[in-house]
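The structure appears below as structure tokens.
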Amino acid sequence: MPELPEVETTRRGIAPHLVGRTIERLVCRVPQLRWPLPEETIPLAGQQVLVVERRAKYLLLRCSNGTLILHLGMSGHLHLVAAGTPPQAHDHVDLVFTDGSALRFNDARRFGALLWTPDDPHRHPLLVELGPEPFAAEMDGAYLYRRSRGRKGAVKPFIMDQQVVVGVGNIYASEALFRAGIDPCRPAGSIGLARYERLAAAICDVLTEAIAAGGTTIRDFTDAGGRPGYFRLQLKVYGREGEDCPACGRPIVCARLAGRSTYFCRKCQN
DNA sequence: ATAATAACCTGAGGGC
DNA sequence: TGCCCTCAGGTTATTA
């Protein structure tokens with residue numbers, strides 16, 4: 001479910017409520033997430049939350065003695081609950097604070113993850129191989145051009161590869177390629193520098209606009225306050241098979257690339 | 001090394 | 001109403 005804008009929206013929602021709070025304990029009702037949650041090995045009691053960061057689609061709760069690494073998977077949500085709020089279906093984990101309120105993790109499909117590291121989280125095996133943030137200065141057209149040389153796979157899976165650039169998922173990949181006028185099926189290595197410059201800009205633009213709108217809610221994404229994101233209204237192609245292309249009026253088509261639905265306009269993208 | 005596929009889960013929606 | 005099928009915003013493991 002969550003791509004970079006949804007994770008960033010979540011971070012902004014929870015951070016003001018977490019920073020400076022002291023953790024009392026971790027309550028785990030269902031430890032079977034992407035990896036079994038080793039609850040007893042996470043020494044959270046008495047620690048303070050110092051800052052809440054985002055790296056790629058991961059949230060990093062920097063605490064006094066280490067970092068809680070969180071991934072929302074496809075269906076994960078975080079929200080804050082008052083003391084005594086009874087858990088509902090798929091409320092798997094609570095991070096309980098000393099006043100009894102809690103950060104609650106809900107994840108129907110359980111593809112999400114919670115991990116603890118006492119070390120620099122950026123050196124954690126899950127994070128160390130990640131590509132640059134889309135807004136980093138180094139992530140420009142020249143970078144994408146260089147990384148794509150010799151790659152025969154389609155450009156859409158290429159920009160969704162978290163080792164190339166992080167944060168771009170299935171929705172925003174289609175949207176960015178539409179904005180850049182690039183056919184998502186084209187081999188990544190066959191695209192020139194000028195078009196990668198357009199693509200790099202399009203990725204930044206669409207992610208920035210989506211963050212400003214609070215993310216995209218297709219099915220069930222909500223922010224920490226339970227509100228949906230409104231960028232769905234601004235999607236040009238994703239989920240719009242058969243509708244008119246907003247630029248030329250021809251029907252938007254859907255293809256399957258690397259197992260993922262891919263939406264584009266045959267006339268405007270080539 | 002690269003790229004496609006299966007797998008991990010639950011729930012919603014469509015067709016019959 | 002129920003059953004079976006497909007699909008879903010992600011990532012990892014396995015297979016060519």
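Each chain gets a letter, A, B and so on, in the order its sequence line appears, and its residues count up from 1.
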Query raised in the report: Any idea which heavy atoms bring F221(A) and G214(A) closest together, and the distance?
Result: CE2-O, 3.5 Å
**Report entry** Pairs where residues 51-73 of chain A contributes a residue and the test ring-ring contact (aromatic ring centres under 6.0 Å, His included) is met, not counting sequence neighbours
**Finding:** Y58(A)-H71(A)
Query raised in the report: For the pair made of CD1 in I171(A) and P in dA8(C), what is the distance, rounded to whole Å?
Result: 11 Å
**Report entry** Electrostatic pair R12(A):E8(A) at N-O distance under 4.0 angstrom
**Finding:** yes
Requested in this report: List the steps and the verdict of side-chain contact (heavy atoms from CB on, under 4.5 Å) for V155(A) and Y196(A).
Outcome: CA-CA 10 Å; V155(A) 63; Y196(A) 271 119; 3.9 Å; yes
Query raised in the report: Which listed nucleotide (dG11(B), dT12(C), dG10(C)) is nearest to the side chain of W35(A)?
Result: dT12(C)
Query raised in the report: Expressed in angstrom and rounded to an integer, what is the separation of I159(A) atom CD1 from dG9(C) atom P?
Result: 14 Å
Query raised in the report: R219(A) has an atom CZ; how far is it from atom P of dG14(B), in whole Å?
Result: 11 Å
Query - Distance below 4.0 Å between H71(A) side-chain N/O and dG10(C) OP1 or OP2 - result: no
Query raised in the report: Given atom CG of D223(A) and atom C1' of dG9(C), what is their separation to the nearest angstrom?
Result: 16 Å
Report summary line: Closest heavy-atom pair, R147(A) versus R151(A), reported as atoms and distance to 0.1 Å, is O-CD, 3.5 Å
Requested in this report: Give the ring-plane orientation class for Y263(A) versus Y238(A), where under 30° counts as parallel, over 60° as perpendicular and anything between as tilted.
Outcome: perpendicular
Requested in this report: Measure from CG on L33(A) to P on dG10(C) and round the result to the nearest Å.
Outcome: 18 Å
**Report entry** Contact list for DNA chain C against residues 126-136 of chain A - heavy-atom distance below 4.0 Å
**Finding:** L126(A)
Report summary line: Given Watson-Crick and G-U pairs under 3.5 Å, DNA chain B in dot-bracket ([ ] crossing, | other strand) is .|||||||.|||||||
Report task. Using only side-chain N and O atoms of S261(A), determine if any of them is under 4.0 Å from OP1 or OP2 of dA8(C). Result -> yes
Report summary line: Cluster membership besides V253(A), Ile/Leu/Val/Met/Phe/Trp/Tyr side chains within less than 4.5 angstrom, sorted by chain and number, is F264(A)
Query - Base-contact (B) and sugar-phosphate-only (S) positions in nucleotides 2-9 of chain B, heavy-atom cut-off under 4.0 Å, - elsewhere - result: -S----BB
Query raised in the report: Out of T217(A), T9(A), V206(A), which one pairs with F231(A) under the side chain to side chain contact (heavy atoms under 4.5 Å, CB included) rule?
Result: V206(A)
Report task. Please state whether the phosphate of dG9(C), meaning OP1 or OP2, lies under 4.0 angstrom from any side-chain nitrogen or oxygen of Y238(A). Result -> yes
Query raised in the report: If you measure from the P atom in dC7(C) to the same atom in dT5(B), how many Å do you get, rounded?
Result: 14 Å
**Report entry** Separation of dA1(B) C1' from R147(A) CZ (nearest whole Å)
**Finding:** 12 Å
Query raised in the report: On a whole-Å scale, what distance lies between the P atoms belonging to dC9(B) and dT14(C)?
Result: 15 Å
Report summary line: From CD1 of I218(A) across to C1' of dG11(B) the rounded distance in Å is 16 Å
Query raised in the report: Looking only at side-chain N and O atoms, does R260(A) come under 4.0 Å of OP1 or OP2 in dA8(C)?
Result: no
Query raised in the report: Looking only at heavy atoms, which two atoms of F97(A) and L18(A) are closest? And how far apart?
Result: CZ-CG, 3.8 Å
Query - N/O donor-acceptor pair under 3.5 Å between R62(A) side chain and E53(A) backbone - result: no
Query - Taking every non-hydrogen atom, the tightest pair across V168(A) and I159(A) - result: CB-O, 3.5 Å
Requested in this report: Starting from P on dG10(C), measure out to CG on L70(A) and report it in whole angstrom.
Outcome: 17 Å
Only distances under 3.5 Å count here; give the side-chain donor-acceptor pairs of residues 98-115 of chain A to other protein atoms, sequence neighbours excluded, each with its distance to 0.1 Å.
| residue | atom | partner | partner atom | Å |
| --- | --- | --- | --- | --- |
| D99(A) | OD1 | R21(A) | NH2 | 3.1 |
| D99(A) | OD1 | S101(A) | N | 2.9 |
| D99(A) | OD1 | S101(A) | OG | 2.8 |
| D99(A) | OD2 | R21(A) | NH2 | 3.0 |
| D99(A) | OD2 | S101(A) | OG | 3.4 |
| S101(A) | OG | R21(A) | NH2 | 2.6 |
| R104(A) | NE | D94(A) | OD1 | 2.8 |
| R104(A) | NE | D94(A) | OD2 | 3.4 |
| R104(A) | NH1 | T85(A) | O | 3.2 |
| R104(A) | NH1 | P86(A) | O | 3.3 |
| R104(A) | NH2 | T85(A) | O | 3.0 |
| R104(A) | NH2 | D94(A) | OD2 | 2.9 |
| N106(A) | ND2 | A89(A) | O | 2.9 |
| N106(A) | ND2 | H90(A) | O | 3.3 |
| N106(A) | ND2 | D91(A) | OD1 | 2.8 |
| D107(A) | OD1 | S75(A) | OG | 2.5 |
| D107(A) | OD1 | G76(A) | N | 3.4 |
| D107(A) | OD1 | R110(A) | N | 3.3 |
| D107(A) | OD2 | F111(A) | N | 3.4 |
| D107(A) | OD2 | G112(A) | N | 2.8 |
| R110(A) | NH1 | Q32(A) | O | 3.2 |

